[in-house]
Visitor: 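Can you keep this structure in mind? I'll have questions shortly.
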Amino acid sequence: SKPVIKSAANEIREGRFCKRCGEKLEYRFYHYSQLGDYYCPKCGFARPKPDFDAEDVKVGDQLSFCVEGKHIVANYKGFYNVYNILAAYAGVRTAGFAGEHFGDMLRRFNPENGRMEQFRIKGTGVTLNLAKNPAGFNQNISAVMQDQAPKDIIIAINDNAQDGIDISWLWDVDFDLLGNDSVKSITVSGIRCQDMRLRLKYVDIPSVLEGDVEKAIRDRVEDGVGNLYVLVNYTALFSTRNILKRLEGEK
Ligand SMILES: [Zn+2]
């Protein structure tokens, strides 16, 4: 493997200490969260040698990589999905199957759960994705920015009980990465849209305030660039997905 995403100095790192002796782990390379090629300088604890290794990884509008000489292409975005797909492949192979239809299976699979789920509304391609913690949100932002085409973004943040009512984690997300010419607009929505707007203001990124998620989506479908990302936290996911399903069905 080669490093695809270099460590950002302020990136969140879970499990950064050796689980055997408590020493701080070192990384030969680092992907995100705790993932990468780690080792303990004190006791020798280290990343096990992987049985299945993704090589020649490419991320962009879709993902591709090679494993065991097979070329895998998936209509997904987000570097982290290389890990997910490789884990599924490893499961298939470890269970004793050859995995010769793995590529066909990937092509036919539509997640339908708000994880990079695609919708088409009046000519606008809409991608819905869940982001409920800083590590997930940073991966989400990387995935969105891998798409270099002009885009509009809606961020909906709720603070219902299932979300955890403390939304201070928003300050741990690297929102400054959204300050890019390809981002044509950012609309903040959901119950805590004001907090989200303040968070963006602190990294000098202007945003449109629209607390009503449906109105936010309708507005950007109407006046946007035809490529819309909707990033939501947990309790905003199902309501937003229902809205997108309904709008997709409207003529
Ligand atoms: Zn150790």
Visitor: Hydrophobic clustering (ILVMFWY, side-chain heavy atoms < 4.5 Å, transitive) - are I141 and I157 grouped together?
Guide: yes

Visitor: Decide yes or no on side chain to side chain contact (heavy atoms under 4.5 Å, CB included) for K58 and S64, but give the supporting numbers first.
Guide: CA-CA 5 Å; K58 294 190 176 72; S64 69; 3.5 Å; yes

Visitor: When N158 is tested against each of T240, T235, D163, N233 for side chain to side chain donor-acceptor pair (under 3.5 Å), which residue passes?
Guide: T235

Visitor: Locate the shortest heavy-atom distance separating Y30 from L35; write the atom from each residue and the value.
Guide: CD1-O, 3.6 Å

Visitor: Answer yes or no: does atom CD of Q62 have more than 12 heavy-atom neighbours from other residues, nucleotides or ligands under 6.0 Å?
Guide: yes

Visitor: Check whether any side-chain heavy atom of L231 lies under 4.5 Å from a side-chain heavy atom of F137, and answer yes or no.
Guide: yes

Visitor: Measure across L200 and S207 and return the closest heavy-atom pair with its distance rounded to 0.1 Å.
Guide: CD1-CB, 3.8 Å

Visitor: Give the minimum heavy-atom separation between K70 and G99, together with the two atoms involved.
Guide: CE-O, 3.9 Å

Visitor: Can you list the residues that meet the side-chain hydrogen bond (donor to acceptor under 3.5 Å, both in side chains) rule with T94, with sequence neighbours excluded?
Guide: none

Visitor: Is it true that K245 and E250 make a salt bridge, defined as a side-chain N closer than 4.0 Å to a carboxylate O?
Guide: no

Visitor: R93 vs E68, test: salt bridge (Lys or Arg N to Asp or Glu O under 4.0 Å). Steps then yes/no.
Guide: CA-CA 10 Å; R93 295 284 290 119; E68 294 189 312; 2.6 Å; yes

Visitor: Could you check whether R246 pairs with E214 (Lys NZ or Arg NE/NH1/NH2 to Asp/Glu carboxylate O, under 4.0 Å)?
Guide: yes

Visitor: Is the terminal nitrogen or CZ of R28 (NZ for Lys, CZ for Arg) located under 6.0 angstrom from the six-membered ring centre of Y39 and within 45° of that ring's axis?
Guide: yes

Visitor: Should the pair K122-E222 be classified as a salt bridge under the 4.0 Å nitrogen-to-oxygen rule?
Guide: no

Visitor: For a 4.5 angstrom cut-off between non-hydrogen side-chain atoms, does I217 reach D219?
Guide: no

Visitor: To check you understand the geometry: which heavy-atom pair defines the closest contact between L177 and M145, and what is its length?
Guide: O-CE, 3.8 Å

Visitor: Between Y202 and F175, is the ring centroid distance below 6.0 Å?
Guide: no

Visitor: Got V144 and Q139 here, is their nearest side-chain heavy-atom distance under 4.5 Å?
Guide: no

Visitor: Answer with yes or no whether the hydrophobic clustering places V126 together with F238; edges join I, L, V, M, F, W, Y residues whose side-chain heavy atoms lie under 4.5 Å apart.
Guide: yes

Visitor: Do NZ/NE/NH1/NH2 and the carboxylate oxygens of D223 and R220 come within less than 4.0 Å?
Guide: yes

Visitor: Are N140 and N129 linked by a side-chain donor-acceptor pair shorter than 3.5 Å?
Guide: yes

Visitor: For D147 and Y229, does a side-chain donor sit closer than 3.5 Å to a side-chain acceptor?
Guide: yes

Visitor: Would a hydrophobic clustering, with Ile, Leu, Val, Met, Phe, Trp and Tyr connected at side-chain separations under 4.5 Å, put V208 with V188?
Guide: no

Visitor: Can you give me the closest heavy-atom contact between P134 and V173, atom names plus distance?
Guide: CA-CG2, 3.8 Å

Visitor: Between R197 and D195, is there a salt bridge with N-O shorter than 4.0 Å?
Guide: no

Visitor: If you define the side chain from C-beta out and look only at heavy atoms, does anything of I186 sit under 4.5 Å from I205?
Guide: yes

Visitor: Is the CG atom of D104 crowded by more than 12 outside heavy atoms at less than 6.0 Å?
Guide: yes

Visitor: Determine whether V221 and V225 fall in the same hydrophobic cluster, where Ile, Leu, Val, Met, Phe, Trp and Tyr are linked whenever their side-chain heavy atoms lie under 4.5 Å apart.
Guide: no

Visitor: With a 4.5 Å limit on heavy-atom distance, are the side chains of E26 and Y38 in contact?
Guide: no

Visitor: Taking atom CZ of F45 as the centre, report whether more than 12 heavy atoms of other residues, nucleotides or ligands fall under 6.0 Å from it.
Guide: yes

Visitor: Would you please classify the geometry between the Y89 ring and the F52 ring as parallel, tilted or perpendicular, with 30° and 60° separating the classes?
Guide: perpendicular

Visitor: Using a 4.5 Å cut-off on heavy atoms from C-beta on, say whether the side chain of L228 contacts that of I154.
Guide: yes

Visitor: Compare every heavy atom of A54 with every heavy atom of V82, then report the nearest pair and how far apart it is.
Guide: CG1-CB, 4.1 Å

Visitor: Are the charged groups of D152 and K184 less than 4.0 angstrom apart, N to O?
Guide: no

Visitor: Report yes or no: do V67 and V57 belong to one cluster of Ile/Leu/Val/Met/Phe/Trp/Tyr joined by side chain heavy-atom distances under 4.5 Å?
Guide: yes

Visitor: State whether E248 and R120 are salt-bridged, where the test is any N-O pair (Lys NZ or Arg NE/NH1/NH2 against Asp/Glu carboxylate O) under 4.0 Å.
Guide: no

